[in-house]
There are 2 protein chains.
Amino acid sequence: MPRRNADTREDIRAVAMELFAENGFEQTSLRQIAERLGITKAALYYHYPSKDELLSELARPMVDDLGAYVAHARDAGPGDAPDLLRRYLELCHRHRLLLQSVLREPAVLAKLGVLTAVLQRRLEVDRALVGSDRPTDRVRAIIAFGGLQDCVVLMGDERLETYADAAVESALRALAPPR
Amino acid sequence: MPRRNADTREDIRAVAMELFAENGFEQTSLRQIAERLGITKAALYYHYPSKDELLSELARPMVDDLGAYVAHARDAGPGDAPDLLRRYLELCHRHRLLLQSVLREPAVLAKLGVLTAVLQRRLEVDRALVGSDRPTDRVRAIIAFGGLQDCVVLMGDERLETYADAAVESALRALAPPR
DNA sequence: GTCTATAGGATGATAGAC
DNA sequence: GTCTATCATCCTATAGAC
């Protein structure tokens, strides 16, 4: 298998992401990554000091993006719900490859040390949007945000524009308190 | 760690489920299961011929339950949406331990050979409820069903009755076509 | 930067005694 | 039904030559 371009580190990230998406993180060995790249495991270790470090580098863009989103959402408040939902959908879509693969494995989340942090932030956003953390309020936020995330995962390679409006509107109805 | 009761096969399933929920399937070794049970790996193999077979046995109740649900949903149709959503929530809650752990790992779904089958059935149910598989229609079904599933996973050990009504109502609003 | 070679350990699974 | 002992295989990671 020929190399893709001159930047080996970038090639490694691309191939690793492919394989993680196909087989999951734990199920993918450095041997597989090296083979698909046409180099050896030892060469991988020249570029990345460990498998975990490679994982962190792959996940960092999404983690950072999510951090910025939460900061924004905290300030925005419930009035901006339509905008916040759309931004969340777009964020998920930007990072859909990661979302479809690695970020579903609990072991991976624990390894990244982001599990509790992410859940905590998610709860903050939920509370900001529905105004309380009583179970009957929380579920509305869970269905709205979780549902949008599920859309991205299940719609696969469908272009975002074909479903974005419908998804945001549906999530918005889910979020609204019962009359 | 002392044995729980006289039925070793049942003990094995219980402990395996615990550990899979804590660490994921691939990340849990037979050595860990045996240790927590207070027996050896070899004893495990007396009761289960392989790790995969153990997994299948753990997952079968949910797979069967889901099969029955889909058969029912196919006959019911869109008019029964509130009932179908509630049944789905209850189904997810019955199998929440499985849902929180094993069934999120793509490698596991592939191993069970249920990945395509489940997605296929899910699509059937979606179509039955929203009447088409156009992206703008599908997302409504995804948010409703996916959202309910997310509720069960994220609400953890919260009692179902505390949030079931609110969740079903929210999902129902998400499912409704935009006016 | 990439290689060969290998250390050191865990894993799933099996053989055979009791 | 459970044990000890072991196999073959795979893994992450490192050492050192080129």
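So that the names make sense, note that chain A is the first sequence line, chain B the second, and so on, each numbered from 1. No hydrogens, no waters, no symmetry mates; every other heavy atom, side chains included, goes into these values.
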Checklist entry - Within 45° of the six-membered ring axis of Phe25(B) and under 6.0 Å from that ring's centre, is NZ or CZ of Lys111(B) located there? => result no
Next on the checklist: Check the phosphate of dT2(D) against Tyr46(B), side-chain N and O only, distance under 4.0 Å to OP1 or OP2. Yes or no?
Outcome noted: no
Item to check | Spacing between Leu37(B) atom CG and dG1(D) atom P, to the nearest angstrom | outcome: 15 Å
Next on the checklist: dC3(D), OP1 or OP2 - any side-chain N/O from Thr40(B) closer than 4.0 Å?
Outcome noted: yes
Item to check | Validation row: Leu148(B), Val139(A) side chains within 4.5 angstrom (heavy atoms) | outcome: no
Sequence neighbours left out, cut at 3.5 Å: what donor-acceptor pairs do the side chains of residues 164-179 of chain A make with other protein atoms?
from      : atom 1 : to        : atom 2 : distance (Å)
Asp165(A) : OD1    : Arg86(A)  : NH2    : 2.5
Ser170(A) : OG     : Ala174(B) : O      : 2.7
Arg173(A) : NE     : Arg173(B) : O      : 2.9
Arg173(A) : NE     : Ala176(B) : O      : 3.4
Arg173(A) : NH2    : Ala174(B) : O      : 3.2
Arg173(A) : NH2    : Ala176(B) : O      : 2.5

Checklist outcome for this item: For Gln100(A) and Val153(A) the tightest heavy-atom approach is NE2-O, 3.7 Å
Checklist entry - Are Arg87(B) and Tyr69(B) in a cation-pi contact, defined as NZ or CZ under 6.0 Å from the six-membered ring centre and within 45° of the axis? => result no
Item to check | dT2(D) phosphate, OP1 or OP2, under 4.0 Å from Thr8(B) side-chain N/O | outcome: yes
Checklist entry - Can you tell me how far C1' of dG1(C) sits from CG of Asp7(A), to the nearest Å? => result 13 Å
Item to check | Between C1' of dG1(C) and CD1 of Ile39(A), the distance in whole Å | outcome: 9 Å
Next on the checklist: In this structure, how many angstroms lie between the P atom of dT11(C) and the CZ atom of Phe25(B), rounded?
Outcome noted: 13 Å
Checklist entry - Starting at CG of Asp11(B) and ending at P of dG1(D), how long is that distance when rounded to a whole Å? => result 12 Å
Checklist outcome for this item: Expected string for nucleotides 11-18 of chain D under the B/S/- scheme (protein heavy atoms, under 4.0 Å, primed atoms plus P, OP1, OP2 as sugar-phosphate) is SBBBB---
Next on the checklist: In this structure, how many angstroms lie between the C1' atom of dA13(C) and the NE2 atom of His47(B), rounded?
Outcome noted: 16 Å
Next on the checklist: Given the ring of Tyr163(A), does Arg138(B) sit roughly above its face, with NZ or CZ under 6.0 Å from the centre of the six-membered ring and within 45° of the axis?
Outcome noted: no
